[in-house]
Amino acid sequence: MSWEKELEEIKLRHALADELGGPDGIARQHKRGKLTIRERIEALIDEGSFQQMGKLAGHASYDDEGELAGFVPSASRSGLCRINGRRVYVGGQDFTVQSGSASAAGGAIDAGHNHPTPLSMRVPTVNLIDGVGGSVEGFEQLGRTYIPDGAFFGPLSEILTVAPVVTAILGPAAGGLAPLPCLSHFSVMVKGIGQVFPGGPPVVKAALGYDIDKEELGGYKIHTRISGVVNNAADTEEEAFEQIRRFLSYLPDNVWKMPPREEPADDLHRRDERLLSIIPREKRKSYDPSVILDGVLDEDSFFEISPDFGRSRITGLARANGYPVGVMINNNRRLGGSMDADAAEKSMRLIQLCDTFHLPLVFLMDEPGFLVGIESEKRAIERAGTRLVYATAMSKMPMISFIIRQAYGLAGSLQYRPGSGLYRRYAWPSGHWGSMHIEGGTSAAFRRIIEAAPDPDAKRQEIEQRLQRYASPFKTAEAVGLDLIDPRDTRLLLCEFVEMAQDVIKTQLGPGSGPTYWP
């Protein structure tokens, strides 16, 4: 007895599932300038590698003889694939079916049907978000309302300590989908089509009584520049997918594996002559930090994270002699490089990323200190700074710092990582440091002497000049053995440190003992 009939029905149902919400729904999706979930997955992954889970889930109708009369697939599509040859779990909403509503999910996956989860498989996850979250339509289908339990946030949180998670916002990320960018190690939003909010414009209108456009409420200008909820913006979906592929290329599949090395295409002994004069002798003059990144990292390897948020510090991933590393450098062209609350938040997340996935951290410091003033106090700079200090002190990944110009105050202390973890520090001869800047500290420390002088301004300058004699980096080197280096040697020293760090990383594989707070 053959089962051909049943196999034909499986094929039929698979074909109906591939029709998504039907030709009209697909046409509306394209008219909005958006790809369908099927097109998105095909554009992201290695060709032909997708293995969908729960493809038969959906809502079927039957005729009087019990034969299939119609089938609407689940509003979600998930499964295993390969990206650059590596196994990855990918999932997302099908906006052509009830706007990707959770009420139209049809119990597709993660509902106790024995589908392995990214957590159990220990593989990276990519979320392709385009859905409205919950919908009151679900009440009618269910025949009642229900109490939200948030059970799905358990595995979404736990996976952050195990394997890389990436979220692409390719439409609305509303309701229960709104936390997903924060429950990720990296997120990217496509300009003009992606938005994040717990409640959209109609909900805002009902709750607060005013009208607002969805882009103004939750678009990329809000979330990549002001809130920091989303890391990067992309002009197109294809660009977003390229950012995802590149981000994942720096990270291991999970915390039990070594970060992946690429065959280096850059000369280990390359010395960038620009570094010799990149730092101006005049302390108030600026310079281009990208020149330093180009000079010390593998050529074209730097991938910036959150470029438009916390702009006084530049953070990202890169390679040093083929090995992946995390990188931070102060941006002296923004707030003089001072650490504000946003820069502290951004820096903390990079430290967490490196500590979770055992990437060495490279810090190129030109830190004038935490940003002062009333606006900084309103943003709770103390709390943001303390969280960063805590994350640094508790981290275990190998860390190397180069003081390229300034290291002042509590923020300046972040170039040092206490404890027994592998740590190395160098300084350029352009460096200067202390608990406080001499220029500002003199007026505070010698206030009475300055005020009592016949010419207070001349007295202040006299004291400042006297104190400047103690600011030579050579005096610090004499006292504590600080290694002052030729800036052109930075690349070689960095690469040698990162290579040495690989043996240490092997002993740290597995869930980290450092900071695990992600959102």
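Heavy-atom basis, side chains included; hydrogens, waters and symmetry copies ignored. Worth saying up front: this structure is predicted, and the values here are computed from it rather than measured.
Inter-residue side-chain proximity for Arg313 and Met339 is flagged as met; some heavy-atom pair is nearer than 4.5 Å. Side-chain contact between Ser401 and Tyr416: absent, with no pair of heavy atoms (C-beta onward) separated by less than 4.5 Å. Two residues are said to be in side-chain contact when any heavy atoms from C-beta on lie closer than 4.5 Å; Ile374 and Lys378 meet this criterion. Counting heavy atoms from C-beta on, the side chains of Val255 and Thr161 never come closer than 4.5 Å. Looking at Pro360 and Tyr323, their side chains never come closer than 4.5 Å, going by heavy atoms from C-beta outward. Residues Ser184 and Val166 form no side-chain contact, since every pair of their non-hydrogen atoms from C-beta on lies 4.5 Å or further apart. When side chains are defined from C-beta on, Val165 does not count as touching Leu183, because their heavy atoms never get closer than 4.5 Å.
In summary, Glu8 and Lys5 do not engage in a salt bridge, as defined by a charged side-chain N under 4.0 Å from a carboxylate O. Looking at Asp253 and Arg86, a side-chain N of the basic residue comes within less than 4.0 Å of a carboxylate O on the acidic one, giving a salt bridge. With respect to the salt-bridge test (charged N to carboxylate O, under 4.0 angstrom), the residues Arg246 and Glu242 do not qualify. Lys396 and Asp355 are not joined by a salt bridge, as no carboxylate oxygen comes within less than 4.0 angstrom of a charged side-chain nitrogen. A salt bridge is absent between Glu215 and Lys221: the closest approach of a Lys/Arg side-chain nitrogen to an acidic carboxylate oxygen does not fall below 4.0 angstrom. Salt bridge status for Asp130 with Lys34: present, with a side-chain N to carboxylate O gap under 4.0 Å.
Heavy atoms only, all atoms of each residue included: Pro164 and Leu248 are closest at CB-CD2, 4.0 Å. The two residues Asn232 and Ser306 have their closest heavy-atom pair at OD1-N, 2.8 Å.
In terms of the salt bridge (Lys or Arg N to Asp or Glu O under 4.0 Å) criterion, Arg334 has no residue partners (sequence neighbours excluded).
Atom CG of residue Asp308 and atom NE2 of residue His223 lie 14.0 Å apart, to the nearest 0.5 angstrom. The CG atom of Asn254 sits 12.0 Å away from atom CE of Met121, with the distance rounded to the nearest 0.5 Å.
Side-chain rings of Phe186 and Tyr250 stay apart, their centers remaining 6.0 Å or farther from each other.
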Residue pair Glu262, Arg319: steps toward the side-chain contact (heavy atoms from CB on, under 4.5 Å) verdict: CA-CA 8 Å; Glu262 291 186 355; Arg319 294 188 180 275; 3.5 Å; yes

Test side-chain contact (heavy atoms from CB on, under 4.5 Å) applied to Gln508 and Val504, step by step: CA-CA 7 Å; Gln508 297 178 338; Val504 175; 3.9 Å; yes

Intermediate values then yes/no, side-chain contact (heavy atoms from CB on, under 4.5 Å), Leu35 and Gln29: CA-CA 7 Å; Leu35 301 175; Gln29 182 79 346; over 6 Å; no

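Shown here is Lys55, whose NZ atom has more than 12 heavy atoms of other residues, nucleotides or ligands within 6.0 Å. With a 6.0 Å radius and a threshold of 12 heavy atoms from other residues, nucleotides or ligands, Glu6 has its CD atom above the threshold.
Within the structure, the salt bridge (Lys or Arg N to Asp or Glu O under 4.0 Å) test picks out the following pairs touching residues 177-191 (sequence neighbours left out): Lys191-Asp235.
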